[in-house]
Amino acid sequence: MSKDTISDLITSIRNADMAKKETVRIASTNITENIVKILLRKGFIENVRKHQQSNKKFLVLTLRYRRTRKEIYRTKTHLKRISRPNLRIYSKYPQIPKILGGMGIAILSTSRGIMTDQEARLERIGGEILCYIW
């Protein structure tokens, strides 16, 4: 694990999605918990459980499946890290990008906490663009 917990979160989810795993275990921090709450609320993941193992806290994420009458298949989730520790990307609220014309979401870190692009536009505040999800 590196010091960039957001990149670790995104990479773990992306790798588990490509490997068709059902669950992912990530380190629990305040930032990752807030991002996971947004992912759960927007329907990109199915379930979240907190787990503790010898003084280390983890989040166990259950990835989302689609069920049809014939088969069960995984929806492809795309995640892209935008702002990094050595290259911060900030945006004012009118310039916050719409991902796929509003089909995806951008997660921002604002002065009022971590929120989606839609919530930031409604509250008329900008911030650091953490990642895109579609």
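Computed from a prediction, not measured in an experiment: that's the story for all the values here. No hydrogens, no waters, no symmetry mates; every other heavy atom, side chains included, goes into these values.
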Please report the C-alpha distance between E119 and R112 in whole Å, then the side-chain angles of each, then the deciding distance to 0.1 Å, and finally whether the salt bridge (charged side-chain N to carboxylate O under 4.0 Å, His left out) criterion is met.
CA-CA 11 Å; E119 295 167 352; R112 296 184 191 160; over 6 Å; no
Under 4.5 Å between side-chain heavy atoms, counting indirect links through other Ile/Leu/Val/Met/Phe/Trp/Tyr residues: same cluster for V60 and V36 or not?
no
Only residue of S91, S83, S109 satisfying side-chain hydrogen bond (donor to acceptor under 3.5 Å, both in side chains) with E128 is S83
Shortest non-hydrogen pair, A120 vs L108, comes out as CB-CD2, 4.5 Å
Starting from I10, can I reach L59 by hopping between I/L/V/M/F/W/Y residues whose side chains sit under 4.5 Å apart?
yes
Verify side chain to side chain contact (heavy atoms under 4.5 Å, CB included) between S28 and E33, making sure each step is shown before the conclusion.
CA-CA 6 Å; S28 176; E33 284 183 15; 2.6 Å; yes
Is it true that, when you exclude R41 itself, more than 12 heavy atoms of the residues, nucleotides or ligands shown sit nearer than 6.0 Å to its CZ?
yes
To the nearest 0.5 Å, what is the distance between CG (L79) and CG (D17)?
8.0 Å
Taking every heavy atom of R81 against every heavy atom of S7, the minimum-distance pair comes out as NE-OG, 3.2 Å
Where is the tightest heavy-atom contact between Y132 and P97, given as atom of each residue plus distance?
OH-CG, 3.2 Å
Is there a side-chain contact between L63 and T77 in this structure, where contact means two heavy atoms from C-beta onward sitting under 4.5 Å apart?
no
I need the minimum non-hydrogen distance between I125 and I96, along with the two atoms involved.
O-CD1, 3.9 Å
Closest heavy-atom pair and its distance - F44, R64:
O-CB, 3.8 Å
Quick one: does M115's side chain get under 4.5 Å of T110's, heavy atoms only?
yes
Between atom CD1 of I133 and atom CD1 of I105, what is the distance when rounded to the nearest 0.5 Å?
4.5 Å
CG of L9 to CG of L130, rounded to nearest 0.5 Å, is 10.5 Å
Regarding R124 and the six-membered ring of Y93, is the cationic atom NZ or CZ under 6.0 Å from the ring centre and inside 45° of its axis?
no
Assess whether atom CG of N55 is packed by more than 12 heavy atoms of other residues, nucleotides or ligands within 6.0 Å.
no
Minimum heavy-atom separation for I35 to I107, with atom names?
CG2-CD1, 3.9 Å
Please lay out, stage by stage, how T11 and D8 fare under the test side chain to side chain contact (heavy atoms under 4.5 Å, CB included).
CA-CA 5 Å; T11 303; D8 288 341; 5.7 Å; no
Taking a hydrophobic cluster as the set of Ile, Leu, Val, Met, Phe, Trp and Tyr residues connected by side-chain heavy atoms closer than 4.5 Å, whether directly or through intermediates, do I26 and L40 fall within one such cluster?
yes
Which residues satisfy the side-chain contact (heavy atoms from CB on, under 4.5 Å) test with T62, sequence neighbours excluded?
T23, E46, N47, R49
Checking E123 against Q118 for the side chain to side chain contact (heavy atoms under 4.5 Å, CB included) test, could you report, in this order, the C-alpha distance in whole Å, the side-chain angles of both residues, the deciding distance, and whether it holds?
CA-CA 9 Å; E123 294 192 22; Q118 296 170 345; over 6 Å; no
